[in-house]
Structures are given as C-alpha cells and as structure tokens.
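Contents: one structure, followed by commentary.
Hydrogens, waters and symmetry mates are skipped; everything else that's a heavy atom, side chains included, is used. Each chain gets a letter, A, B and so on, in the order its sequence line appears, and its residues count up from 1. Given the structure is predicted, the values throughout are model-derived calculations rather than measurements.
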Amino acid sequence: MLPHQQIELKLQAAVRTVLPDADVAAVLVRPCDAKFGDYQSNALMSLAKVRRLNPRQLAADTLARLDVADLCSAVEIAGAGFLNFRLKPAVLAQTLEAAARGEHLFFDRTAAPRTVVLDFSSPNVAKPMHVGHIRSTGIGDALQRTLRLLGHPVISDNHIGDWGTQFGKLLLGWKQILNREALRSDPIAEMERLYQAINAECDASPARLEEAKAELVKLQAGDPENIALWQEMIRLSQVQFDTIYSRLNVKFDQALGESFYNPQLAAVVADLLARGLARESEGAVGVFSDGTLPPREDPFLVSRDGEWIPDPALVRKSDGGFNYMTTDLATVDYRLKTWAPQEIVYVVDDRQAGHFKKLFDVFARWKPEAAKTTKLVHVGFGKILGDDGKPFKTRSGGTVKLGDLLNEAEERAFQTVSEKSGDLPEAQRREIARVVGLGAVKYADLLPNRQSDYIFSWDKMLALQGNTAPYLLYAYARIRSIFRKSEAESALRQAPGAIVLAHPAELALARHLLNFGLTLEAVAGEYRPNFLCNYLFELAGQFTGFYENCPVLKAEDPATRTSRLALCDLTARVLKLGLETLGIETVEQM
RNA sequence: GCAUCCGUAGCUCAAUUGGAUAGAGCAUUUGACUUCGGAUCAAAGGGUUGGGGGUUCAAAUCCCUCCGGAUGCACCA
C-alpha cells in the first residue's frame, strides 16, 4: 500500500475516535504544494464547519490520536486547519525500491471492483468514420484501459448504428443506382453516395420518399432480398471498422449493434404501457412527465410561448416503428440481465445530453430496483473545431474522414522524423512516424477537458515541445537511450540497489512518481483521461529537472549511478504504462 | 422563448471532495552548453478567472443577475 493511503487510513481512524458519527469517506489525503509538504488533508475544516467546532482545535484533537511517525517526519496544522504531512525520505526511497524490485508501479488494484459497461465509438453502417469518432473512440478506449488497469471488470460494447430509417433510402439506392465498380473500389464512399442521392430526391419528391419507406417496411418485415442486401452493407462497413480499430489499436468485448435489440422493442413498449409509464399521444407512444420535478428541471417538459408543454420520450412512432429511445431502453435491459453492471457509461457527444437525461429518467421509473444498484453515466464531450472556430472540415468544406486524418498524421510525422533522424532506415522511420502520428492525434484529443470544444491544430499536436505526444515520446526515448548507451539495464534488473534521494530534483521526481496511482483513480472516478495527460507531462518535466541536475552515467560514485539509473528506469516505466493507458504506443528511438 | 454546457494570460488549454500566492505550452524578450540525445534547458514579462452581487475561515469552482458564445428542444440517431 502506498504511503498516502496508509496515512489516509490512519487519519480516518483518528477522526473516527474524535468524531464517532463522522463519515470518514470524505477524509482524504492528497498531494499538495511542495512548500507545505508532500500530502495534505483539508477534510477537518469541513467536518468542523458542519459541527460548528473550531477547526484548528479539531485538527489538534485529531493529531493527538494520530501516529504516523513511521511514515512522516512531521505533521503540521496550518492555516485554517490544514494537516500537512511530510514523508520521511527513507519511506520515499523504500517505496521506490519496492517498485524497482517490480512489486508495484505506484498504483494498487482496487479493493472495490465495479463492473462497468462502456459504450463508445458507435459508428454507423454505410457511412465513413469521421473525425468526430476519434473523440468517443479515444476517450472510451482510454477509460477502458484505465479501469482495467485498476482491476475493474469492463465490458466494452460498440453500439453500432446498423438499423434505422436510413436503410430504406440505402436499399432504394442500391437497387436503382448502384455503381458496382465504385462499390468494389470504395464501398463506403459508394454507399454514402447512394444515401445522399436518394435522400436529396426524397426531400424533393414525396413519392420518392414513399418508395424508400416501402423498402424499409419490407426490410423490417424480414423480406429476404432486403435482409441480404442489408447484411451485405453491414459486412462492407465492418471491413472499414476493423481497419480503423486495428490502426488505432482499439478492441471491444462486444459489438452488439442496434439491430440486435430489434426482437425486444415491442415488448419494451408493451411493458411501459402496461406499467402506465407510457401512453399514446397523436398516434405515437411516449413516456411523459410524472410531475415530480419542477418544470424547469423536468426533462419531459419544454417551454413554448410562455407555457410548459409536454416533451415526451417517444418509444413508438405513429407509423408503428421504434426509435432510438426504445433501442436504448432495450439495451439497458439486456445489459442489466447479462452483466449486472454497477455502471453503464455512455461516451457520446454532449449534444445528446438531453436524450440521456430522458433515458436515465425513464430507466429509473421503469426499473426502480435496478436503478438503486446500477448507475448510468453520460460521459459527454465537445466538438472538434477548425482554426476558424467552426466545426473541423476539409478545405472544400467536407467531412474529414478518420482514415484520411490518420494518414495525414503519419505522413506529417514521417517528414519530421526524416528531417531529424534521416540516418535511420526508412522502415524504422515509418514505424516511428506511425507511433508518433497516431499518438499525436490521440493525445491532442485526450488532453483538453473533454466537455469543452477544442481547436484542431496539426502544428500544435505534432510539436516536439509543449504538452504533446511527441514530447512525451521523446522524453521516453531519451531515457531509453541512456540504457542503450550504458548497457546497464540487465545489471539493474539483476541487482537493484538502494535508492538514494539526495538532490532536490531527485526528491521531486520521486514524489511525482508516487502520485501515478492517485491520477489513475481520478481518471477512473471522473472519466477524465486529461488528468493522466497532465500527470505524464509533469512527470516528463520533473524528469528533465533531474536529468539536467543529476548526472546519471557520469555520477560521482557507483552507488549514486545505480540509484539514478533506477530512477530513470522507473520514470520510463511509468511513462510507458501511462501512455499505453491512453492508447499510445512508445518507441525506443526517434 | 425555454433548457443544458461554456467564458481563465495575446493564442491554445490546465487547475483531482470549495483550499493556501490561479498554472502550463505556444508566441515575445533574455540567457546556457563543442550535449549522459539541442527534437534540450533556464529565466522574464504577461491575470480584477466575461461584468456585478451573494454564501463561506476560504470561490475559477456553489447561489442570484446581466453580457457574450455553443448546443438541444416530440415521431433522425
């Protein structure tokens, strides 16, 4: 167990003896500004507040019951009632030595695993994956990696858009205007063309729209020809998905598309009707407000002309068809029955926040028992903008296809690598460029707080300085080169010596290494990979300070050299694992 | 119109239960080293956290209000 956790447990026990009724779950120990110490707790101030106690007195009483002499050199009460802890350097060194022996890497697997269904990526059949998919896919994958690393069982599920009204138009196009040659060379582009052409015709001609609807009805009724064509469209799309996911190194446990839930949709609606949760209105069936919330907070009401009117969650259209609310409800039901998760997490565009608010509300009313044990979470994210501040498009104004984007990233990275390391063989430069280019795109997407929009910039994400993937990869490669040069790695692994933290830069680096686990927990707790990005960037910065001030291979004595090599190795391992957790590979040389 | 999210340095962004003097990178200026990888590092300037009010020992964070932006508002997903 890491030192801060030991302190935290002891502090919680001390608080319990002083305030037996207190909820100590909020009594946390967190890293703090180095001038105050290594760790800090500010929990006593809020505990004192609600009890109208003097916070400094409470801190003093708690401190009297707290024995952390084995871990800390001093505990201070500061300011309004902060507790500041300073680790003994020996404790710091011992923690690093245990890591050097491979006993841990500054994080613990969770003591309270939670089963999480992670729903992300969700591309559509017959459409190209575009730049927008990088967000859901990248954030979702980083979250699944983080949760797994911490020991939580994860079921990642790609809820592919393989059903819906668009197939009426696609089928009509396929039967009437399909270009076989184009389909062979670029199936996704051809299917997209079919959809766009027919869609435009339908907008202009109601008769054409009726034709498309007729194809859809046939498909829904199980017409063998339409089913076969639909399956062919899915198969062709799957080839594209597989290619992209393979490049991005993203894996799913499940890929149960919308069509998987078709057989359950009628039963879902019947059940909602039978329970009195849904009712018919204007020929459609919807779930309406239950009046328990004030109108402003009620997701089923909307204001029009100064009046609150119903804004139901429709589960059946007036033509008898179902929509995505119905599918999502059936999906929740299936996931509950199949995996009994504690959480279902949807990594989906923030624009759908309203939909999820309704979905979660209907779920709570539909399955009140399950709602007590299963938390539904919408992990939303903002848009990617061009440097004009408008949604990111190609120069001609079209959608940026994900495959093209990845190609360009690799190409740009290749040019830089060739410029800087032209002496490496081309195959190696290609491989470096692949890792750097893809890493740059992923990292740039994970770095900003996910809820805000961000501006896409090749120059910034591929820059070798600043908070970028290339910088972190370079930091890693630089450490690795020390070992290449010294051939000291095997010796280090065989006989890890004592770690001596004498220089301030060594201490600072060591402290930062210890915070890796806290960072991972924060990522998993708030579904925010950017915490890990910033942690790694800071780690690289701390390493630089160490590297500038503390000669490693030229250290003054063998013991110092061994100790510093161990610090290098631990830093490299955390960088590598951290990047891996973000879905980013590393290279030994660049 | 109503709702949601957002507004932080010239630009792009951070800020982990409300915590101590709001931090990085870019850009700008200055400096270091015939380099354990210069694809480097160090330093400086730059802020009334959109405005105003409130709660609190403590507010970028919570509440109210105004301004500005994005998004969403039954039978597309």
Side-chain angles (χ1 to χ4, degrees), chain A residues 25-28 30-33 35-36 40 42-43 45-46 48-49 55 78-82 122 124 161 163-166 258 281-286 295-297 299-306 308-319 321-325 327-328 349-355 357 380 382-383 385 387 389 416-417 419-421 447-449 451-455 457 459-460 463-468 470-471 474 477-478 481-482 485-486 518-519 521-523 525-526 528 530-531 533-535 537-538 541 544-545 547-548 551-555 568 589-590:
Chain A
V27 177
L28 303 176
R30 287 290 174 260
C32 65
D33 194 313
K35 70 189 164 205
F36 299 123
Q40 167 174 103
N42 55 43
M45 288 181 282
S46 41
K49 188 182 184 77
F82 295 97
S122 312
N124 290 311
W163 196 252
T165 51
Q166 73 272 25
E258 293 170 359
S281 167
E282 296 174 29
V285 175
R296 291 165 58 108
E297 295 163 29
F300 302 96
L301 292 178
V302 65
S303 171
R304 274 299 146 64
D305 302 325
W308 291 99
I309 61 166
D311 183 28
L314 292 187
V315 291
R316 195 172 75 200
K317 301 189 282 183
S318 53
D319 67 1
F322 304 104
N323 54 19
Y324 78 141
M325 179 61 73
T327 311
D328 279 356
D349 191 336
D350 253 336
R351 283 177 291 196
Q352 295 195 36
H355 167 69
K357 205 170 178 196
K383 293 186 295 296
L385 308 176
D387 47 22
T416 309
V417 175
E419 209 174 286
K420 308 284 185 186
S421 309
L447 178 63
N449 186 333
Q451 66 206 39
S452 50
D453 297 344
Y454 77 92
I455 294 181
S457 162
D459 291 342
K460 282 190 175 147
L464 284 311
Q465 59 277 81
N467 195 348
T468 66
Y471 175 83
Y474 178 70
R478 211 159 57 148
S481 95
I482 295 173
K485 189 155 196 163
S486 71
L518 273 169
T519 306
E521 285 162 24
V523 171
E526 312 226 352
R528 299 215 0 213
N530 67 309
F531 291 156
C533 295
N534 285 316
Y535 171 82
F537 180 64
E538 283 161 18
T544 297
Y547 186 78
E548 293 290 320
V552 178
L553 296 178
K554 296 175 185 168
C568 289
Q589 211 176 334
M590 61 187 276

On a whole-Å scale, what distance lies between the P atoms belonging to rG7(B) and rC62(B)? 10 Å

What nucleic acid atoms does Ala353(A) come within less than 4.0 Å of, heavy atoms only: base, sugar-phosphate, or nothing? nothing

Return the 5'-most residue of the pair Lys357(A), Val417(A) with respect to RNA chain B, ranking by each residue's nearest nucleotide. Lys357(A)

Checking rC36(B), rC13(B), rU40(B) against the side chain of Tyr547(A) (C-beta onward), the nearest is rC36(B)

Of all the choices, rC41(B), rA39(B), rG37(B), which nucleotide is nearest to the side chain of Ile482(A) once you look at every atom? rG37(B)

For Ala43(A) and Val27(A), which heavy atoms make the closest approach, and how far apart are they? CB-CA, 3.6 Å

Checking base pairs now: Watson-Crick or wobble, both atom distances under 3.5 Å. What partners rA24(B)? rU12(B)

Please report the closest heavy-atom contact between Arg528(A) and Asn449(A), naming both atoms and the distance. NH2-ND2, 3.4 Å

What is the base-pairing partner of rU34(B), counting Watson-Crick and G-U wobble geometry with both distances under 3.5 Å? none

Provide, to the nearest angstrom, the distance between the CZ atom belonging to Phe300(A) and the P atom belonging to rA3(B). 18 Å

When every nucleotide of nucleotides 55-64 of chain B is labelled 5' to 3' by its protein contacts under 4.0 Å (heavy atoms), B for base, S for sugar-phosphate only, - for none, what sequence of letters results? -SB-------

Applying side-chain hydrogen bond (donor to acceptor under 3.5 Å, both in side chains) to Gln166(A) and not counting sequence neighbours gives none

Closest-nucleotide mapping onto RNA chain B: is Met590(A) or Ser452(A) further toward the 5' terminus? I mean the 5' end. Ser452(A)

Among rG37(B), rU17(B), rC36(B), the one nearest Arg478(A) by side-chain distance: rG37(B)

In terms of side-chain heavy atoms of Leu553(A), which of rG19(B), rC36(B), rU40(B) is nearest? rC36(B)

Can you check nucleotides 75-77 of chain B for protein contacts, nitrogen or oxygen pairs under 3.5 Å, and list what you find?
from, atom 1, to, atom 2, distance (Å)
rC75(B), O2, Ser318(A), N, 2.5
rC75(B), O2, Ser318(A), OG, 3.3
rC75(B), N3, Ser318(A), OG, 3.3
rA77(B), O3', Glu258(A), OE1, 3.3
rA77(B), O3', Glu258(A), OE2, 2.4
rA77(B), N6, Tyr324(A), OH, 2.9

Of the candidates rC2(B), rA14(B), rC41(B), the side chain of Glu548(A) sits closest to rC41(B)

May I ask you to say what Asp33(A) touches in the nucleic acid, namely base, sugar-phosphate or nothing, with a heavy-atom cut-off under 4.0 Å? nothing

Within the sub-3.5 Å range, which N or O atoms of nucleotides 29-32 of chain B have a protein N or O partner, and how far apart are they?
none

By side-chain contact (heavy atoms from CB on, under 4.5 Å), Gln465(A) pairs with (sequence neighbours left out) Ala463(A)

Please enumerate all protein N or O atoms sitting under 3.5 Å from an N or O of nucleotides 20-26 of chain B, with distances to 0.1 Å.
from, atom 1, to, atom 2, distance (Å)
rA20(B), N7, Gln40(A), NE2, 3.1
rA20(B), N6, Gln40(A), NE2, 2.0
rA20(B), N6, Asn84(A), OD1, 2.6
rA20(B), N6, Asn84(A), ND2, 3.1

Thr519(A) side, atom OG1; Glu538(A) side, atom CD - distance, nearest 0.5 Å: 8.0 Å

